[in-house]
Every structure is written in C-alpha cells, then in structure tokens.
Amino acid sequence: MAATDFKDYYAILGVSKTATPEEIKQAFRKLARKYHPDVNPDNKQAEARFKEVSEAYEVVSDADKRKKYDQFGQYWKQAGEGFPSGGVGADMGNFDFSQYGNFDEFINELLGRFGGATPRGGRQNYSYRSSTGAPSGFGGFNDFGFQDAGAGAIQDSEAVIALTFGEAFNGVQKRFSLGNETIDVRIPSGSKTGTRLRVRGKGQINPMTQQRGDLYLKVELQPHSFFQMEGDNLVCEVAITPDEATLGASIDVPTPDGSVNVKLPAGVRSGQSLRLRGKGWPLGKGGRGDQLVKVAIVPPKDLSQQEREYYEKIRAIRTYNPRSHLQQVRL
C-alpha cells in the first residue's frame, strides 16, 4: 500500500491525535466556516478543501469510526515499514485490514459509501460522488452568522450499478451493502444506461447537521451478445443469404418475448432496418418501444459444386449492374 494512499485526518483538521472531541469540533467549525462554498463561490479549491475537512470530521468526531481509523493508521504504518514478527493484525482489534487494497476502499466502507472493499486484483463496479448541494446558507451553524437553509448542506451519494439486459428489461431486486447497513432496492422494468434511480435517505450523513442525503444509482447495461439499445428502441442484426435478399423470405427473429416470424421483402438491402412495433424496450409510462431488425447480407464462404454452378449461371445471365452509375463519376 503506497504511503500516499493514507489521509491524516488529524493533520487536515490541525489537531493532535490525542485531541478531545471538543477540540476537534472547534477546529472543524473554524475550517468549515473558512472554506464553506457559500463563502467561496466558484472556488473549486475551497470546495475540495471543505469536503476534505468535512470527511475528516465525520470520521474522527465519531468514537467508533475514530477507533477504526486509528487502527487502520497503525496497520498502514506497519505495512509500510514491514510487519513485526507477530504478524498482521496482532494489535488491530482482531480486524483484518488487509482486505482493503487502498485507503479509499477502507474509508468508503467506514462511512457507508456504496460498494465497500474489493478483493485484491478485482475491479470495483461503483463510483462515488459527494455533493454539498445547499443553494445558500450554512445550515446548523447560525452562531457563525450565516442564514439557516433548513436542511443545510445535503450530502448525496452516487453509484454505478451494472445490470444485464434481462435484469433491466424485467426489473430486479438488488441487495447492497452500505457500510454496516444492508438495503434492498427494487430496480424497475425498463431501466437503461443513464437511468438514475433515487434511494431516499441512504446517502452520506452531513457532519454538521447529521441529516442524511440520498443515494443515486446510475444504471449501466452490460453488453448483450445479440441485442443493443438505440434510444428507446431495441436493436439487433440478423444475417440473411443473397437469395433471401433477392427473392424475399420468411425468417425467425429473436425478441424479448421469444422468436417471431418476419417477412423479408424481395430486394431488401444490407443495412436496411425492419421495424417490429411493440416488441422493444419497456417505456416508463407503460407500453413498449419498437425492435429494429438490421439486415446483413452474408454470402456463403463454402459452396457446394452445385451451388457454384448455379451462381456461375446467374452471373452469366444477370442483367442488373449495381455499379452502372459509377461510369459517369468524375472529379
């Protein structure tokens, strides 16, 4: 674990590791007043500093979180210096901090941010964002002379949730771990990439007001082997043979409801789309979108002797030249 992974929250607040809760609170209030977005409009550095100070206070102002943070700090220091002969976790309160690949994974789980730890070498399938979305005021701190905005600065969380096409089409119930809390969320039918679902009261706790923001789940559809999405339409590509394109045919096409028989018109072109009305994606206000079937004319790679003979006969008697107009092309 790199030394740069660890955040020294005591240094961020400007207090010692032995500071009392009252000293920590006073230090936080001083810094929060200095860097609050209402005092520093359009100042990204001040906003980032305010979030950093708020995060530090949220951890070290809570006795249980502070204890785990201190234990993690001890683990991090030992990890950087090489563990003593007693091994990992000898003085860590029987808690295995090695499950976290970096400091962010530890702190996300400690603060109940969406996702928690990821196995080493694995991939986190979530993202996190905090927002101090109060329109004005400095809620909960009237003694500073700021206007009370009621709920104060609400801290919302955002996470990315990956769904299969089947889960998104039919709707699904998912269980998530938010720190020590487990929640069940019903994903409605018809969600698609970019859909944002609001889970009220499951965001971050504002360290100033102790009010909790909301959790926003942003849907991402995992790729499907056959289907794709284009707006509200479900899209697929179906291969047909040259004779089917020339003469027309009836073919079976998969849909979410099962296979349906589709009539190909004679002379259909490669890339042309056929619309299956009401066979597409569920719409938010009820009903279904359309399924678009894109045609791809695929010539055979391996011909039988008889097939080759017939293709050669067709070539010999063919009257249609799709490139005749090219003879008039000039710069």
Side-chain angles (χ1 to χ4, degrees), residues 125 160-172 174 187-197 218-331:
N125 62 351
V160 174
I161 175 174
L163 299 177
T164 66
F165 266 64
E167 290 173 334
F169 181 88
N170 296 302
V172 66
K174 291 281 190 177
I187 311 297
S189 171
S191 298
K192 55 188 178 182
T193 295
T195 298
R196 293 177 82 241
L197 306 172
K218 186 176 180 180
V219 173
E220 282 189 1
L221 289 183
Q222 296 175 343
H224 192 274
S225 60
F226 183 72
F227 294 112
Q228 295 179 358
M229 289 293 299
E230 289 185 3
D232 290 331
N233 295 320
L234 192 63
V235 179
C236 65
E237 184 177 273
V238 174
I240 64 173
T241 61
D243 58 281
E244 289 175 327
T246 302
L247 303 175
S250 293
I251 62 173
D252 290 331
V253 176
T255 75
D257 306 312
S259 292
V260 298
N261 191 261
V262 177
K263 291 186 179 299
L264 293 175
V268 66
R269 294 172 177 265
S270 192
Q272 186 174 338
S273 293
L274 306 176
R275 185 179 297 270
L276 305 182
R277 297 193 180 278
K279 292 296 184 181
W281 207 248
L283 302 178
K285 297 182 179 180
R288 298 263 294 275
D290 299 334
Q291 179 175 333
L292 301 182
V293 182
K294 291 186 177 181
V295 173
I297 301 173
V298 180
K301 291 184 177 180
D302 299 316
L303 294 173
S304 68
Q305 182 63 35
Q306 187 178 23
E307 286 174 326
R308 180 173 295 278
E309 290 175 358
Y310 276 104
Y311 270 110
E312 290 175 350
K313 289 180 180 179
I314 292 173
R315 180 170 61 183
I317 63 174
R318 174 169 46 82
T319 58
Y320 173 61
N321 181 7
R323 298 176 299 280
S324 60
H325 65 288
L326 299 181
Q327 298 174 5
Q328 307 302 321
V329 174
R330 298 288 187 274
L331 284 177

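Treat the numbers as computed from the prediction; the structure is a model and nothing was measured.
The neighbour count for Q306 CD, taken as heavy atoms of other residues, nucleotides or ligands under 6.0 Å away, does not exceed 12. Surrounding CZ of F226 are more than 12 heavy atoms belonging to other residues, nucleotides or ligands, all under 6.0 Å away. For Q228, the CD atom sits in a loose shell: 12 or fewer heavy atoms of surrounding residues, nucleotides or ligands are nearer than 6.0 Å.
Here OG1 of T193 is found 10.0 Å from CD of Q222. Values are rounded to the nearest 0.5 Å. Once rounded to the nearest 0.5 Å, the distance linking NZ of K192 with CH2 of W281 reads 9.5 Å. Atoms CG and CG, from L247 and L264 in turn, are 11.0 Å apart once rounded to the nearest 0.5 Å. Going from atom CG of L292 over to atom CE of M229 covers 10.0 Å, rounded to the nearest 0.5 Å. Of the inter-residue distances, the one linking D252 atom CG with N261 atom CG reads 5.0 Å to the nearest 0.5 angstrom. The structure places CG of D290 at 12.5 Å from CG of L274, a figure rounded to the nearest 0.5 Å.
Contact detail for T164 and L221: the closest heavy-atom pair is O-CD2, 4.2 Å. Between V268 and I297, the closest heavy-atom pair is O-CD1, 3.7 Å.
Contact of the F165 side chain with the P256 side chain is not registered, since no non-hydrogen atoms from C-beta on lie closer than 4.5 Å. P188 is listed as a side-chain neighbour of L197, based on a closest heavy-atom distance under 4.5 Å. Residues L234 and R288 are not in side-chain contact: their nearest non-hydrogen atoms beyond the backbone lie 4.5 Å or more apart. For the pair P299/Y311, no side-chain contact is recorded, criterion being any heavy-atom separation below 4.5 Å from C-beta on. Residues I161 and K174 are in side-chain contact: their nearest non-hydrogen atoms beyond the backbone lie under 4.5 Å apart. Residues V253 and Q291 form a side-chain contact, since some pair of their non-hydrogen atoms from C-beta on lies under 4.5 Å apart. Side-chain atoms of I251 and E244, non-hydrogen and from C-beta on, do get closer than 4.5 Å to each other.
Within the 3.5 Å criterion, the main-chain N or O of R277 finds no donor-acceptor partner in the side chain of R275. Side-chain atoms of T195 do not come within 3.5 Å of backbone N or O of V219 as any donor-acceptor pair. With hydrogens and angles disregarded, no donor-acceptor distance shorter than 3.5 Å links the side chain of S191 to the backbone of A168. Between the side chain of S189 and the backbone N or O of F169, at least one donor-acceptor pair lies under 3.5 Å.
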Decide yes or no on side-chain contact (heavy atoms from CB on, under 4.5 Å) for I187 and E167, but give the supporting numbers first. CA-CA 8 Å; I187 311 297; E167 290 173 334; over 6 Å; no
